[in-house]
There are 2 protein chains.
Amino acid sequence: MTERATAKRERLVASAAELLHRNGVGATSLADIAQLADVPLGNVYYYYRTKDDLVRAVLAAQTEQVAAMVDGFAGLPGPAERLKALASRWDLMRDVVARYGCPFGTLTTELNRRDDGLDRDAAMPMRGILDWAVSQFQELGCAEPRDLAVALLSAIQGSALLAATLRDPELLSAQVHRLHDWIDTLIPV
Amino acid sequence: MTERATAKRERLVASAAELLHRNGVGATSLADIAQLADVPLGNVYYYYRTKDDLVRAVLAAQTEQVAAMVDGFAGLPGPAERLKALASRWDLMRDVVARYGCPFGTLTTELNRRDDGLDRDAAMPMRGILDWAVSQFQELGCAEPRDLAVALLSAIQGSALLAATLRDPELLSAQVHRLHDWIDTLIPV
DNA sequence: GTCTATAGCATGATAGAC
DNA sequence: GTCTATCATGCTATAGAC
């Protein structure tokens with residue numbers, strides 16, 4: 001029954017991802033995750049030796065999500081459209097973001113303070129987005145692509161934080177639109 | 001000995017603020033705070049009935065810090081200078097921010113997910129900065145002062161998040177300089 | 001007002017039957 | 001591979017002596 005076992009793994013990671021987003025790492029118990037995944041508590045440890053291992057699995061899943069997301073933008077005509085599509089992704093999740101924050105941003109924020117290996121793993125999703133954005137600004141012909149990529153991702157993450165703090169999805173939408181306009185500004189004539 | 005009692009209160013709040021910044025609410029125990037403040041554990045409860053009460057006191061202190069900070073900008077010649085001074089505040093703390101994030105941003109992020117009253121209190125420091133920034137953009141004569149204020153604070157908070165994630169103080173400095181340039185762009189001729 | 005000791009609870013992790 | 005029962009720990013909070 002290796003297949004069933006894989007299914008349980010996936011259910012555990014999916015449940016963990018949801019609860020880590022909603023409640024954070026510290027406030028989420030393995031019992032909570034096990035219950036949501038419909039797996040007995042003691043059995044969790046067969047698949048993931050420690051809680052940190054499970055958190056690492058969530059980070060790996062997020063990193064894959066990021067890779068899949070930017071791959072999905074490949075079909076768009078140009079880098080400006082692709083960068084705008086990136087920003088719009090957060091607008092699509094505006095209601096969740098305005099309640100619980102950006103799934104990447106909040107998890108990274110909580111893990112950044114650590115000093116064990118987990119803080120390194122936590123940076124991977126953000127790095128994935130950032131590196132891809134740098135390549136897009138390069139393709140656009142911009143002078144300092146890295147600074148621009150950091151500016152874009154900063155604006156997205158900061159907007160997500162403020163939207164969650166003020167519980168205001170419209171705030172996020174408005175800032176994403178500002179970013180669209182800004183990106184259009186950068187297109188060389 | 002009412003004076004000594006006040007001193008203890010202040011030491012407790014200061015210690016709590018430092019540890020909440022470095023380790024977060026969930027990962028900080030009252031024992032840790034008591035030890036850093038040099039107050040016996042059981043005595044903490046004489047001053048603050050619950051851990052949440054102490055967290056609220058930290059939020060109140062942060063809100064006062066924000067008020068004092070913007071008051072300190074009042075002597076500057078114009079709103080553009082004042083807004084630039086705001087952004088520079090994070091650049092001054094770049095090394096701490098690149099390690100533990102923005103003290104306001106990380107605490108707010110952790111408390112945003114709650115549903116008790118604490119999530120309301122958590123928004124106060126951010127609101128204080130935001131409202132002040134709106135008034136400055138208004139004074140500058142900008143069309144949509146609130147959107148601009150949100151954009152500025154978002155950029156600061158997002159930059160702090162990325163700087164902490166990548167452990168890169170220079171990232172923060174570079175983005176603050178970008179914000180200075182951007183503010184200069186907005187000055188009406 | 002101050003401090004010690006400890007109750008009461010939740011959690012991460014393990015042992016071991018099936 | 002699966003699941004139950006439980007240990008060990010660390011925490012918030014309280015009781016009560018001084």
Side-chain angles (χ1 to χ4, degrees), chain A residues 1-59 107 110-111 113-119 121-122, chain B residues 1-20 22-59 107 110-111 113-119 121:
Chain A
M1 297 282 187
T2 310
E3 209 174 21
R4 285 273 300 282
T6 305
K8 274 194 187 177
R9 274 195 138 84
E10 284 166 1
R11 251 159 44 218
L12 280 170
V13 174
S15 300
E18 188 175 331
L19 290 173
L20 293 193
H21 182 204
R22 291 217 305 251
N23 305 329
V25 180
T28 300
S29 71
L30 286 172
D32 295 336
I33 297 170
Q35 188 177 24
L36 185 62
D38 200 35
V39 169
L41 173 59
N43 203 356
V44 172
Y45 291 90
Y46 176 76
Y47 296 99
Y48 298 97
R49 276 178 146 181
T50 66
K51 186 181 180 181
D52 282 0
D53 274 1
L54 187 44
V55 173
R56 251 183 290 271
V58 170
L59 288 168
L107 186 50
E110 189 170 359
L111 296 176
R113 303 190 256 230
R114 297 226 196 168
D115 209 8
D116 49 9
L118 222 52
D119 51 335
D121 296 291
Chain B
M1 298 278 189
T2 309
E3 209 175 21
R4 284 272 301 281
T6 304
K8 274 195 187 178
R9 272 196 139 83
E10 284 166 1
R11 250 158 45 217
L12 281 169
V13 174
S15 300
E18 187 175 331
L19 290 174
L20 293 193
R22 290 217 307 249
N23 305 329
V25 180
T28 300
S29 73
L30 288 172
D32 295 336
I33 297 169
Q35 188 177 24
L36 185 62
D38 200 35
V39 169
L41 173 58
N43 203 356
V44 173
Y45 290 91
Y46 175 77
Y47 298 98
Y48 297 98
R49 276 180 144 179
T50 66
K51 186 180 180 181
D52 282 0
D53 274 1
L54 187 44
V55 173
R56 250 183 291 271
V58 170
L59 288 169
L107 187 50
E110 189 170 358
L111 296 176
R113 302 191 257 232
R114 297 226 195 168
D115 209 9
D116 49 9
L118 222 52
D119 51 334
D121 296 290

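Numbered from 1 within each chain, the chains take letters A, B, ... in sequence-line order. Note that the structure is predicted; figures quoted are calculated from it, not measured.
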Does A:Y46 make a side-chain N or O approach to OP1 or OP2 of D:dG1 shorter than 4.0 Å?
-> yes

Name every residue in residues 11-45 of chain A that has at least one heavy atom under 4.0 Å from any atom of DNA chain D, in order of residue number, or write none if there are no such residues.
-> A:P40, A:G42, A:N43

Can you sort out the partners of A:A37 under side-chain contact (heavy atoms from CB on, under 4.5 Å), two or more places apart, ordered by chain and number?
-> A:R11, A:L12, A:S15, A:V39

What residue pairs, at least two apart or across chains, pass salt bridge (Lys or Arg N to Asp or Glu O under 4.0 Å) with a residue in residues 40-55 of chain A?
-> A:D52-A:R114, A:D53-A:R56

Just grab all the salt bridge (Lys or Arg N to Asp or Glu O under 4.0 Å) pairs involving residues 14-25 of chain A, residues at least two apart or on different chains.
-> A:E18-A:R22

Applying salt bridge (charged side-chain N to carboxylate O under 4.0 Å, His left out) to A:R9 and not counting sequence neighbours gives none

Evaluate the criterion side chain to side chain contact (heavy atoms under 4.5 Å, CB included) for residue pair B:I33 and B:L54; output intermediate values, then yes/no.
-> CA-CA 10 Å; B:I33 297 169; B:L54 187 44; 4.0 Å; yes

Selection residues 31-46 of chain A - residue pairs positive for side-chain hydrogen bond (donor to acceptor under 3.5 Å, both in side chains), sequence neighbours left out = A:S29-A:D32

Going by heavy atoms closer than 4.0 Å, what residues in residues 49-56 of chain B are next to DNA chain D?
-> B:T50, B:K51

Which atom pair, heavy atoms only, marks the closest approach of B:D119 to B:L111?
-> CB-O, 3.4 Å

Assign A:Y47 to base, sugar-phosphate, or nothing according to its heavy-atom contacts below 4.0 angstrom with the strands shown.
-> sugar-phosphate

Mind checking what makes side-chain hydrogen bond (donor to acceptor under 3.5 Å, both in side chains) contact with B:D121, not counting sequence neighbours?
-> none

